[in-house]
Amino acid sequence: MKPRREKTIKIYPQKVKIVEVGPRDGLQNEKEIISTQDKLTFIEKLVQSGLKNIEVTSFVHPKAVPQLADAQDVIKNLKHHNGLTYSALVPNLKGLERAIESGIKRIAIFTAASETFTKKNINMTIDESLNTFAEVTKQAISSGMSVRGYISTCFVCPYEGEIKKEKVLNITKSLLDMGVDEVSLGDTIGAASPKDVFETVGFILNTIPKEKIALHFHDTYGTALANVVSGLELGITTYDASSGGLGGCPYAPGASGNLATEDLIYLLDRMGIESGVDLNKLTEASMFIEKILGRKLPSKQLQRIINKQTSCI
Ligand code: HMG
Ligand code: MG
């Protein structure tokens, strides 16, 4: 059954939750190794902007993503603040062991809706990944952690093309059944349009409560913000984004950066949707990491400020 667009259009949520993934999804794609201290300064600046959920690093194999090999050191040196949740990506039981040792309290597991991508990304079939993550989630919860789940390539796969919405729904159900509290649906290569979001996410919402779903858009073709609006029309209230528009997946050819958090915050501010994030302070965090990386980041807001464009806002 198709959702009824005429009922949802222009009825936007009043408040949304932002999951900042810049220090993980953003930095994992950077070849030049950034110091642990610079990562910590970047994360603290993100915290100062009002972000309450920050994915700070990843416990994947250090050879797969050398940039995040210092995951333990990053987590052990984070400043803790009330109401703030730090999380880290975990690919398997070995990664969970390392995460438990670091003291992190929230992890994110990740599979995909495409067999080829899952194999290339984590060297497992989708079924193998679900078996692995069921055990990871069970052990994480019994160690006092909470668990988020990602599904990559929910709309288009760089190897298999179009992805069926039924497949995304089945994997979402499997992740929720194993104890994951939120499933982030990823447009890993940034190829989706608002129509794809409406069809796939709308279909999933016929079965799954909207509070369980987050959306994670990359911005290869510049459609990420439009996709967010489609998500807002569907009533989704959790969005992943990356400071400066950093990001990409080393195992997804053609994937460019995530939706820039400051471009998302501008849109939300302008629409009167509360996010709790201060746009100016967030832009300072992005300017900091842009300087460390020594190259221009894709965020429109950041470039507007750097180019000193005048504006009434
Ligand atoms: P594998 O080679 O199949 O692992 O890699 P294995 O289980 O066969 O183990 C081989 C060796 O690696 C063993 O060591 C393990 O102990 C060790 P040995 O006995 O030979 O000495 N090992 C580890 N060491 C440290 N940490 C670990 C770990 N696991 C095994 N966690 C694996 C499988 C999953 C580890 C690998 O393929 C991997 O790390 N992949 C990660 C790829 C990645 O990081 N991709 C990007 C993140 S996903 C993403 O960006 C998408 C997302 O943003 C959403 C979206 O945009 O769609 C989330
Ligand atoms: Mg991503």
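Each ligand, and each atom within it, is numbered from 1 in the order the structure gives. Fair warning: this is a prediction, and the values are worked out from it, not measured in the lab.
Checked by distance only, ligand 1 and Thr153 stay at 3.5 Å or farther apart across all their nitrogen or oxygen atoms. Looking at Asp187 next to ligand 1, no N or O pair under 3.5 Å apart turns up. Looking at ligand 1, you'll find an N or O of Asn123 within less than 3.5 Å of one of its N or O atoms. For ligand 1, the polar-atom distance check finds an N/O of His218 within less than 3.5 Å of one of the ligand's N/O atoms. Residue contacts with ligand 1: Ile151 is placed with no nitrogen or oxygen under 3.5 Å of a nitrogen or oxygen of the ligand (distance criterion only).
Not a single heavy atom of Gly247 sits less than 4.0 Å from an atom of ligand 1.
Among all non-hydrogen protein atoms, the one lying nearest atom 33 (C) of ligand 1 is Ile122 O, 3.7 Å. Closest protein heavy atom to atom 45 (N) of ligand 1: Asn121 OD1, 2.8 Å. From the protein, the heavy atom lying nearest to atom 27 (C) of ligand 1 is Lys94 CG, 3.5 Å. For atom 4 (O) of ligand 1, the closest heavy atom belonging to the protein is Asn92 ND2, 4.9 Å. In this structure, the protein non-hydrogen atom closest to atom 17 (C) of ligand 1 is His61 CD2, 3.5 Å.
At a 4.0 Å heavy-atom cut-off, ligand 1 touches Pro91 through the side chain alone. By the criterion of a heavy-atom distance under 4.0 Å, both the backbone and the side chain of Val60 are placed next to ligand 1.
Of the possible polar contacts, one joining the Asp263 side chain to the Gln301 backbone as a donor-acceptor pair under 3.5 Å is found. In this structure, Ser143 contributes its side chain and Met145 its backbone to no donor-acceptor pair below 3.5 Å. One N or O on the side chain of Ser174 and one on the backbone of Asn170 form a donor-acceptor pair closer than 3.5 Å.
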Derivation and outcome, side-chain hydrogen bond (donor to acceptor under 3.5 Å, both in side chains), residues Ser193 and Asp196
CA-CA 5 Å; Ser193 76; Asp196 299 313; 3.3 Å; yes
Evaluate side chain to side chain contact (heavy atoms under 4.5 Å, CB included) for Glu274 paired with Gln14, printing each intermediate quantity in order.
CA-CA 6 Å; Glu274 208 186 309; Gln14 289 184 334; over 6 Å; no
For the pair Thr188 and Thr153, evaluate side-chain hydrogen bond (donor to acceptor under 3.5 Å, both in side chains) and give the outcome as yes or no after the intermediate values.
CA-CA 5 Å; Thr188 316; Thr153 59; 5.1 Å; no
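Restricting Asp25 to its N, O or S atoms, the one at the least distance from the Mg ion (ligand 2) is OD2.
When Tyr239, Tyr150, Phe110 are each tested for a ring-ring contact (aromatic ring centres under 6.0 Å, His included) with His216, only one passes: Tyr150.
Among Gln28, Gln67, Lys119, the residue whose heavy atom sits closest to atom 46 (C) of ligand 1 is Gln28.
Contact annotation for atom 13 (C) of ligand 1: protein absent (non-hydrogen atoms, distance under 4.0 Å).
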